Protein chains: 2
Amino acid sequence: MASPKVQDRDLLCRLSKVFRQHGYEGASLSRIAKATGLQRASLYHRFPGGKEEMADAVLAYVDELFGNDLLAPLFSDLPPAQRVKEMAKRLRGFYERGQASCLLDTMSLGGEEDPIKRHVAKSFDAWLSALAAVAREAGLTPTLARRRAEDALMRFQGGLVMARATGNIKPFERVLGELPDLLTKKEDD
Amino acid sequence: MASPKVQDRDLLCRLSKVFRQHGYEGASLSRIAKATGLQRASLYHRFPGGKEEMADAVLAYVDELFGNDLLAPLFSDLPPAQRVKEMAKRLRGFYERGQASCLLDTMSLGGEEDPIKRHVAKSFDAWLSALAAVAREAGLTPTLARRRAEDALMRFQGGLVMARATGNIKPFERVLGELPDLLTKKEDD
DNA sequence: GTCTATAGCTTGATAGAC
DNA sequence: GTCTATCAAGCTATAGAC
């Protein structure tokens, strides 16, 4: 065919759902084929490197989503707390109010060091740096800004784990609401 | 043989390491056999219900560890903050200073509702309840105590995710140190 | 670009000897 | 209680028609 049955971005979006939900090992080609509507062999045409290339492409796709959409408000000209609030709003949608897992979490399972784990670590650090940058612009010292960024991301990830494990999404929602103060106020209250 | 090659508790301990590291889907019988030193067929003699029974036994084993050891200090007669400090010390060891994952996290991947997910949710709630109880004994209102327990567990789980994803265990260590105040002080500072 | 068909390996699980 | 040998089903990956 001239044009693909599923466009690249749509394909990556569907792929990302499988990897987010099941992790790398749980994302079997059967599940992927079912979720994308493509047969196994068609997937190998799109991703000659097989499952590992799919995983890497999904990580790159999510990197792009974060850079161009989810974290973009952090670099606007609004007041820092407003920027964080807008990011929280977008994250809330992306993570389906706590009902979807984080790719960086589910793809980091298993022991060995491999290219995927290295990609995950890089993406995580980029997210941390973006949070720390807005905290510094809010007037926090670099050290404190970094610590607050780490706290914010820990609470966020923990909220997602708790939502997945217990089905209770309220703590996750609370974390989202606390992010602006956490990342911009000089003292906790 | 009269006595088993690997005693029950040792076997469960080795099993738990595989499930913690790889999750349910990633814990293949090959990995389990290698980690336990038993052949596949021997594992089926110990766990006739197969992999699912192994997973359930591991969850029960960890429940017992939490009840009898890790969370036990919460119910001592020390001051509440001291109790939490002792729990944090034990958790620090159990999670190998952040280098080991939480079973309740890695076993909660994948979509469908099943007996394992229900067990995970129950164990998570028991942990939450124990934390909330000590917060109430420290003088917090039931509502606030529950919220602090949720916060504590979110930060803890998030710290583990961050440690696994980035290799940086310092934020996790910081969370451990903050737990006593978080669970016993009436105001944040 | 997608498909059917298939290769070859790994998976979870079982049978039966010792 | 553990083992070797084996099974059917699943897996990742490839070949070749359309």
Side-chain angles (χ1 to χ4, degrees), chain A residues 1-19 21-59 61 106-107 109-112 114-117, chain B residues 1-59 61 106-107 109-112 114-117 119:
Chain A
M1 301 178 199
S3 71
K5 181 174 174 181
V6 181
Q7 293 298 322
D8 273 16
R9 287 194 70 82
D10 188 22
L11 178 56
L12 286 169
C13 179
R14 290 161 190 261
L15 267 179
S16 75
K17 286 184 182 162
V18 182
F19 281 106
Q21 184 164 19
H22 295 100
Y24 184 80
E25 306 228 32
S28 69
L29 289 207
S30 303
R31 282 185 174 135
I32 293 173
K34 192 175 175 183
T36 59
L38 290 180
Q39 298 288 1
R40 268 171 276 256
S42 305
L43 289 164
Y44 277 90
H45 178 78
R46 301 288 201 97
F47 304 98
K51 191 172 162 178
E52 194 159 333
E53 185 177 336
M54 296 182 212
D56 207 61
V58 162
L59 282 166
Y61 164 72
T106 63
M107 293 277 265
L109 285 202
E112 339 75 87
D114 62 29
I116 291 174
K117 306 279 170 51
Chain B
M1 301 175 197
S3 71
K5 180 172 173 182
V6 181
Q7 292 298 321
D8 273 15
R9 287 193 70 82
D10 188 22
L11 179 55
L12 285 169
C13 179
R14 290 162 190 260
L15 267 179
S16 73
K17 286 185 182 163
V18 182
F19 281 106
R20 280 170 79 173
Q21 184 165 17
H22 296 99
Y24 184 81
E25 306 227 36
S28 69
L29 291 204
S30 304
R31 282 186 175 134
I32 292 172
K34 191 173 175 184
T36 59
L38 290 180
Q39 299 288 3
R40 269 176 273 258
S42 304
L43 289 164
Y44 276 90
H45 178 78
R46 301 287 201 97
F47 305 96
K51 190 172 161 179
E52 193 159 333
E53 185 177 335
M54 296 181 212
D56 207 61
V58 162
L59 282 165
Y61 164 72
T106 63
M107 293 277 264
L109 284 204
E112 336 77 90
D114 61 29
I116 291 174
K117 305 275 171 53
H119 194 149

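Per chain, numbering begins at 1; letters A, B, ... match sequence-line order. Every value quoted in this text rests on a predicted model; they were computed, and no experiment measured them.
Listed in residue order, the members of residues 26-34 of chain B having a heavy atom less than 4.0 Å from DNA chain D come to none. Residues of residues 44-55 of chain B having a heavy atom closer than 4.0 Å to DNA chain D, listed by number: B:H45, B:R46.
Rounded to an integer number of Å, the gap from B:L43 CG to D:dT4 P is 13 Å.
To the nearest 0.5 Å, the span separating CZ on B:F47 from CG on B:L38 amounts to 9.0 Å. Taken from CD1 in B:I32 to CG in B:L11, the straight-line distance is 9.5 Å, to the nearest 0.5 Å. Rounded to the nearest 0.5 angstrom, B:I116 CD1 and B:E52 CD are separated by 5.0 Å. If you take CE on A:M54 and CG on A:L15, they are separated by 7.0 Å, rounding to the nearest 0.5 Å.
Among residues two or more places apart in sequence or in another chain, the salt bridge (charged side-chain N to carboxylate O under 4.0 Å, His left out) test is passed with A:R9 by A:E64. Every residue two or more places apart in sequence or in another chain was checked for a salt bridge (charged side-chain N to carboxylate O under 4.0 Å, His left out) with B:K51, and none qualifies.
A:R31 contributes a side-chain N or O that, together with a main-chain N or O of A:G26, makes up a donor-acceptor pair within less than 3.5 Å. In terms of modelled atom types and a separation under 3.5 Å, the side chain of A:K17 and the main chain of A:A35 share no donor-acceptor contact.
For A:K117, the NZ atom sits in a packed shell: over 12 heavy atoms of surrounding residues, nucleotides or ligands are nearer than 6.0 Å.
The list of side chain to side chain donor-acceptor pair (under 3.5 Å) pairs with a residue in residues 32-44 of chain A, not counting sequence neighbours, reads A:S30-A:R40.
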For nucleotides 4-7 of chain C, list the nitrogen or oxygen atoms of the protein found under 3.5 Å from its nitrogen or oxygen atoms, one pair per line.
unit_1, atom_1, unit_2, atom_2, d
C:dT4, OP2, A:Q39, NE2, 3.2

